[in-house]
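This is a predicted model, so every value here is computed, not measured. Hydrogens, waters and symmetry mates play no part in the numbers below; they use all other heavy atoms, side chains included. Ligands are counted one by one from 1 in listed order, and the atoms in each one are counted from 1 as well.
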Amino acid sequence: MKHLLSIDDLSTDEIIQLFETAADMHDVQGREVKKLPALRGRTVVNMFFEDSTRTRSSFEIAGKWLSADVINVSAKGSSASKGESLRDTVLTVCAMGVDGLVIRHPASGAAVQVSQWVDAAVVNAGDGMHEHPTQALLDAYTLRRHLGSLEGRHVAIVGDLTHSRVFRSNVQCLTRLGARVTVVAPPTLMPSGIGAWSAAAGFETSYDLDEVLRGAGVHGRPDAVMMLRVQRERMSGAFFPSPREYTVGYGLTRDRLALLEPDVPICHPGPMNRGLEIAADAADAAQSVVLEQVSSGLAIRMAVLYHLLAGEPEGGIA
Ligand code: CP
């Protein structure tokens, strides 16, 4: 693998291989041996043109724990804020000798575009409403730790699907691993054209969260529930349904939490809108794996950087 731009870049075998490497990294973390020499002599630049807490800091820690030199560039504080183009910005940074470029950008397709301009390995850390492949990998990795193989397991993905790159990457990753997926959203936040996509990819759609949680849908009761953030910042007009209507229809409220078996993992990629798509009772429940997703993210991002960048740098290691 030269870049990681989409889940589609990975074969099923490569996904499983990343999970196995991540499990080794988890062992490393468990033993509190934080430094591995694997990426000594490599330079990784985290280039974030959109805000981030989890993804940016975990890529930074992952690179450092693998002994890479890690530099962070953000739109605010860089010459991008003076109007420098994306192309000029990445070419300028790469002229300093960069091996890996981790990029988040508000435009869908930005990571693919950047990969065509540079020799460095490019990792998509979220591009607009398109994809967030490392998030999907860490979500599936976390679910496998709880459920074992995902073959035949039913995962319900609930929320603002129209604006969600996490949903797009997760549907691909989970179905590839054999999971049965139901996606749930209000009609106004269900992506257009999803009928053809769901038919081709083999996942179900629903507008009725209660029906899905009660197991009245095609796939029966969910083995895991993934709540997604309502992305107000990507909505141009009024948010419909209203926040109150959204919570009543689609929030994981205390009452809906009671519909789930106590061992059904509750995921959320974060950041969470507590009280909107997820109640505090659910976010902080014993079955919530939200913080475990964060630590899985570190192991997965170490695995991704390792697979992309480990090995002899051009010219050899001195
Ligand atoms: N899940 C996720 O991408 O979170 P951040 O925006 O904090 O990186």
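- Near Thr53, meaning under 4.0 Å from any of its heavy atoms, are these atoms of ligand 1: 5 (P), 7 (O), 8 (O).
- Atom CG of Asp9 has more than 12 heavy atoms from other residues, nucleotides or ligands within 6.0 Å.
- Close approach to Pro269 involves these atoms of ligand 1, each under 4.0 Å from a residue heavy atom: 1 (N).
- Within the structure, ligand 1 has Gly270 among the residues with a heavy atom less than 4.0 angstrom away.
- Ligand 1 has no N or O atom lying under 3.5 Å from any N or O atom of Arg56, backbone or side chain.
- Not a single heavy atom of Glu50 lies less than 4.0 angstrom from ligand 1.
- The protein heavy atom nearest to atom 6 (O) of ligand 1 is Arg104 NH1, 2.9 Å.
- Atoms of ligand 1 found under 4.0 Å from any heavy atom of Thr55, numbered from 1 in the order shown, are 2 (C), 3 (O), 4 (O), 5 (P), 8 (O).
- Between Tyr141 and His26, the distance from one ring center to the other falls under 6.0 angstrom.
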Start with the C-alpha gap between Phe167 and Trp197, add the side-chain angles, then the distance that decides, and say whether ring pair (Phe, Tyr, Trp, His ring centres under 6.0 Å) holds. CA-CA 13 Å; Phe167 145 69; Trp197 183 24; 5.5 Å; yes

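- Summary of contacts: the protein heavy atom closest to atom 4 (O) of ligand 1 is Arg54 NE, 3.1 Å.
- The CH2 atom of Trp117 sits 4.5 Å away from the CG atom of Leu86 when rounded to the nearest 0.5 Å.
- Counting non-hydrogen atoms of neighbouring residues, nucleotides and ligands closer than 6.0 angstrom, the OH atom of Tyr306 reaches no more than 12 such neighbours.
- Phe48 does not carry Arg104 over the face of its six-membered ring by the limits of under 6.0 Å from the centre and within 45° of the normal.
- Within the 3.5 Å criterion, the main-chain N or O of Asp88 finds a donor-acceptor partner in the side chain of Ser85.
- Between Pro271 and ligand 1, no N or O atom pair is found at a separation short of 3.5 Å.
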